[in-house]
Every structure is written in structure tokens, then in C-alpha cells.
Amino acid sequence: VYTGSGVSNPYQQLKRYGVTTVPVLNNKNLRLYQQRFKKVLLTFPEYARFPKDPTLNTNGNKLVYVLGGFAAFGNPASFHNDVVRDLRLLCRRHILPLFQTLSKNSFRKLDNLEMLWDRMMYRYERQTPSAETWHRDVIPGEKIAEWDELFGGWVNLDSKPQYFSCVLGSHLNTKLSTLEEGFAVIPKKDVPTLNKHKTRFEVPPGHMIIFPQYIVHEVLGSPAKHDMMRLFLGWRLTREINWIHPDIPERVESQAIMKLPSGQLPAMYSKSHLMFYQNKEFAPIPNEPKVTLRTWSDETFIPNLRNTKNAIIPRFLESLKDYKLSLYNKYSQEELNMYRPTKIL
């Protein structure tokens with residue numbers, strides 16, 4: 001646990017605290033991206049909509065893009081639309097000086113930066129993410145080189161602050177490639193100590209938060225007080241020159257859903273939805289109409305996404321190309337190079 005104070009330099013914050021924020025959007029540009037973000041949701045081609053109002057499903061109720069209170073998208077258009085592509089490149093430009101400083105001070109000579117794909121999130125007011133106790137997020141060791149450093153985070157697209165609950169300094173004296181992979185939960189006996197030292201780190205509007213993937217953190221199961229927007233981001237400092245996931249070029253070419261930094265695919269709903277709610281009603285948003293997994297699939301998605309056997313969409317979708325939907329602009333080689341390990345010094 002880091003107990004010092006008065007650290008304001010982003011590099012020193014990231015090294016000592018294990019978390020920092022970097023400004024990306026001023027007030028004017030934040031309003032612009034808020035408008036673009038909301039507008040692009042209404043153009044996702046995978047969704048069926050009420051004829052007179054694209055914010056509603058075919059039954060005239062609020063369109064719920066993905067199930068679960070976390071509300072991070074798993075449809076292919078959410079990864080490849082122009083808004084998130086512009087925003088990722090903008091974030092990379094603003095974060096580059098920080099990574100250059102990290103690289104200069106790394107005795108492991110981690111001088112290549114890879115920008116990793118992650119999800120858009122649009123959480124409706126009253127939606128509540130599932131609480132997650134103290135844990136570290138750890139990528140499988142075989143997917144990275146021994147001394148690689150992986151960072152997570154997001155850019156806050158709200159007009160109000162967002163927050164990250166973590167234990168400052170819990171990344172220190174820790175080597176990513178030696179940690180147990182997956183969702184590494186902290187033993188229960190240590191929880192009272194962590195609760196005593198936790199920090200609620202503020203992410204101001206238009207700022208990007210960044211932290212080592214393996215810092216000890218928690219997800220609080222608090223209902224959203226307003227509709228929330230963010231774009232999750234991932235970064236890899238490495239000496240390697242190859243993609244973190246070998247199938248990235250093929251997925252980009254077909255504009256498929258993209259693997260998360262951990263290597264997992266983004267799901268449209270949980271296993272619990274599939275096991276218990278195919279025909280049992282639940283409310284995706286509190287105080288809004290109830291659905292079953294089957295009726296949600298039927299009212300929300302175009303027919304060719306739904307399984308012909310049970311009329312339910314798959315947990316993991318394919319690509320815009322597979323569904324014969326219009327593709328977004330082709331990635332230029334210059335743009336694509338930003339997503340693979342690239343020299344930054």
C-alpha cells in the first residue's frame with residue numbers, strides 16, 4: 001500500500017499509486033463526442049428498432065443493447081464505428097508522452113506500444129453492475145512476453161466524474177507474468193485490510209484513467225444515477241513486434257467482435273441469462289418492462305442474428321461481414337499500425 005502524498009505528476013502517480021488520469025477532451029470536444037456517441041448507437045445495424053423512434057425496440061420499449069448492469073457492448077459495430085476509432089486514436093495521442101516516459105525509464109527496454117481493443121459502455125440510469133470483490137485482472141502468461149506491462153482504463157464521456165476503487169501501490173513488487181491468470185480474487189482474510197486502505201480515485205469528465213491491469217481493485221454494485229458513457233481502453237508496453245492476439249488482422253478485416261485484452265470475447269449476456277431466463281421474466285433496467293432472453297432477442301435484433309433453433313441471439317456475435325451488413329470504412333495501414341506494437345522512442 002502506498003501511503004505517501006502530494007504526487008501530482010502523472011508519471012509518478014502511475015509508478016507510485018498505480019493509477020493516474022490524463023486529460024483528453026476539453027468541454028467543447030466532450031460535448032461533441034457525447035453527441036457523436038449517442039448518435040452512433042442509433043445506427044448500429046444489428047438492432048431492430050421502432051419505426052418512428054430508433055431509441056426504442058420493435059415493441060416500443062427502451063432499447064437495451066446488451067444484458068447485464070455492466071452494460072459494455074458486444075456487437076461488432078460497437079468496435080469498428082468511426083466514433084470509437086477516432087476516440088481511440090485521440091487517446092493514444094494524448095497518452096503517448098506518458099508511455100514514452102515509462103519506456104525511457106524501463107530497464108527492460110519496453111519501447112513498443114500496442115493499443116488494445118476494448119468495449120463501449122452505455123449504462124442506463126438505475127442499471128447496476130454486479131459487485132466484484134477485491135481482485136486483480138491477469139492475462140494468461142502464455143499470451144505475453146515475460147516483462148510485458150499491460151494497462152487498463154477508460155475515457156469518461158460523462159459530464160460528471162466517474163470513480164475507480166483501488167488500493168494505491170498494490171501493483172508494486174509484482175510481476176504480471178507470474179500472477180495467477182484470470183480473475184484473481186484476494187483471500188477473504190485480507191479484505192478488512194484492503195477496505196481500510198482503499199481509495200476512490202476520481203476520473204474527471206473528458207479524462208482518461210490508466211492503471212496496471214493487475215492493481216488490486218473492486219467493482220461497486222451501485223446503481224447509475226444518470227445515463228453513463230465510457231470507452232474502455234487497453235495498452236501493452238513490450239519488446240515484441242507481434243499482435244497480442246494473432247487473429248486480430250482477420251477480425252479487423254471482417255469487422256468482427258474483437259477479443260478483449262485478456263483474450264476473452266465480449267458477451268451479449270451472461271451464462272445465467274442462458275441458464276435461468278430463457279423463458280423467465282426479468283427487468284434489464286429497474287422499473288422498465290420485463291423481458292425473457294427469448295423476447296429480448298426477438299424485440300431487439302434483426303432476424304439473421306438470431307439462432308434459427310431457439311430464436312435467441314448467440315452469447316458471442318460474429319462479424320458485420322458474416323451477417324452481410326454494411327462495413328464501416330476500411331482501416332488504413334497507418335491506422336492499423338496504431339493497434340500493433342510500434343516503436344515510441
Side-chain angles (χ1 to χ4, degrees), residues 41 44-48 57 62-81 84 116-124 127-133 135 137-140 143 152 154 181-185 213 219 221 224 228-234 244-245 247-248 250-252 254-285 291-302 304-323 325:
L41 302 185
F44 286 164
E46 304 95 336
Y47 294 88
N57 65 22
K62 184 178 288 188
L63 195 151
V64 178
Y65 293 90
V66 62
L67 295 183
F70 192 66
F73 296 169
N75 59 302
S78 68
F79 290 93
H80 302 286
N81 64 79
V84 294
L116 308 177
W117 268 268
D118 212 324
R119 296 169 290 180
M120 298 175 74
M121 187 202 84
Y122 190 72
R123 186 179 298 159
Y124 286 119
Q127 279 192 305
T128 305
S130 298
E132 296 176 358
T133 187
H135 66 281
D137 294 325
V138 183
I139 189 171
K143 293 185 180 296
W154 69 82
E181 68 181 63
F183 186 80
V185 176
Q213 184 193 56
V219 176
M228 294 177 63
M229 295 181 288
R230 65 175 64 157
L231 173 64
F232 290 99
L233 298 156
I244 193 169
H245 306 307
D247 61 349
I248 284 176
E250 291 78 15
R251 288 185 173 275
V252 171
S254 62
Q255 298 196 2
I257 62 171
M258 301 301 294
K259 288 180 178 176
L260 305 181
S262 63
Q264 296 171 304
L265 291 172
M268 294 296 291
Y269 51 86
S270 69
K271 291 180 180 178
S272 295
H273 288 110
L274 191 60
M275 292 174 63
F276 304 115
Y277 293 101
Q278 287 195 39
N279 298 295
K280 181 181 177 181
E281 288 191 333
F282 64 99
I285 307 172
V291 298
T292 65
L293 180 58
R294 196 178 303 277
T295 58
W296 173 72
S297 295
D298 182 60
E299 297 170 355
T300 308
F301 296 91
I302 59 175
N304 62 330
L305 264 68
R306 301 198 294 269
N307 188 300
T308 54
K309 290 184 179 180
N310 59 15
I312 295 173
I313 65 161
R315 278 192 73 213
F316 305 104
L317 297 181
E318 299 295 336
S319 70
L320 294 179
K321 184 176 181 180
D322 288 325
Y323 297 129
L325 297 172

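Residues Ser297 and Ala311 approach most closely at CB-O, 3.5 Å, considering heavy atoms. The minimum heavy-atom distance linking Ser319 with Ser254 is given by the pair CB-O, 3.2 Å. In terms of heavy-atom proximity, Gly221 sits nearest to Ala131 at N-CB, 3.7 Å. Closest approach of Val252 and Met258 over heavy atoms only: CG2-CE, 3.7 Å. When every heavy atom of Ala48 is checked against every heavy atom of Leu63, the shortest pair comes out as O-CD1, 3.8 Å.
Between the CG atom in Leu231 and the CZ atom in Arg119 there is a gap of 11.0 Å [rounded to 0.5 Å]. The CE atom of Met121 lies 4.5 Å from the CE atom of Met228; values are rounded to the nearest 0.5 Å. Once rounded to the nearest 0.5 Å, the distance linking CG of Leu320 with CZ of Phe44 reads 10.0 Å. Going from atom OH of Tyr47 over to atom CD1 of Ile302 covers 10.5 Å, rounded to the nearest 0.5 Å. Residue Asp298 holds its CG atom at 11.5 Å from CD1 of Ile313, rounded to the nearest 0.5 Å. Between Leu67 atom CG and Ser272 atom OG the span is 11.5 Å, to the nearest 0.5 Å.
The backbone N or O of Arg315 lies less than 3.5 Å from a partner atom in the side chain of Tyr269, making a donor-acceptor pair. Although no hydrogens or angles enter the test, the distance criterion places no donor-acceptor pair under 3.5 Å between the side chain of Arg251 and the main chain of Lys259. Between the side chain of Gln127 and the backbone N or O of Ala71 there is no donor-acceptor pair closer than 3.5 Å. Formation of a donor-acceptor pair under 3.5 Å by the Arg123 side chain with backbone atoms of Thr128 is not found in this model.
The shortest side-chain heavy-atom distance between Asn75 and Tyr65 does not fall under the 4.5 Å cut-off. Contact annotation: the side chain of His245 approaches that of Lys143 to within less than 4.5 Å [non-hydrogen atoms, C-beta and beyond]. Taking the side chain as every heavy atom from C-beta outward, Pro76 and Leu317 approach each other to under 4.5 Å. Contact of the Thr300 side chain with the Val64 side chain is not registered, since no non-hydrogen atoms from C-beta on lie closer than 4.5 Å. Put simply, the side chain of Pro266 does not reach to within 4.5 Å of the side chain of Phe73, judged on heavy atoms.
When the side-chain contact (heavy atoms from CB on, under 4.5 Å) test is applied to Thr295, the partners found at least two apart in sequence or on another chain are Val291, Thr292, Glu299. Take Pro261 and apply the side-chain contact (heavy atoms from CB on, under 4.5 Å) test, not counting sequence neighbours, and it matches Leu116, Asp118.
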Could you go through the side chain to side chain contact (heavy atoms under 4.5 Å, CB included) check for Phe79 and Ile257 one step at a time?
-> CA-CA 7 Å; Phe79 290 93; Ile257 62 171; 4.2 Å; yes

Show your reasoning for whether side chain to side chain contact (heavy atoms under 4.5 Å, CB included) applies to Asn57 and Trp296.
-> CA-CA 9 Å; Asn57 65 22; Trp296 173 72; over 6 Å; no

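Phe70 has its ring centre less than 6.0 Å from the ring centre of Phe232.
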Identify all side-chain donor-acceptor contacts of residues 274-285 below 3.5 Å with residues at least two apart in sequence or on another chain.
unit_1: Gln278; atom_1: OE1; unit_2: Arg294; atom_2: NH2; d: 3.3
unit_1: Gln278; atom_1: NE2; unit_2: Leu274; atom_2: O; d: 3.1
unit_1: Asn279; atom_1: OD1; unit_2: Arg294; atom_2: NE; d: 3.1

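Atom NZ of Lys62 has more than 12 neighbouring heavy atoms from other residues, nucleotides or ligands inside a 6.0 Å radius.
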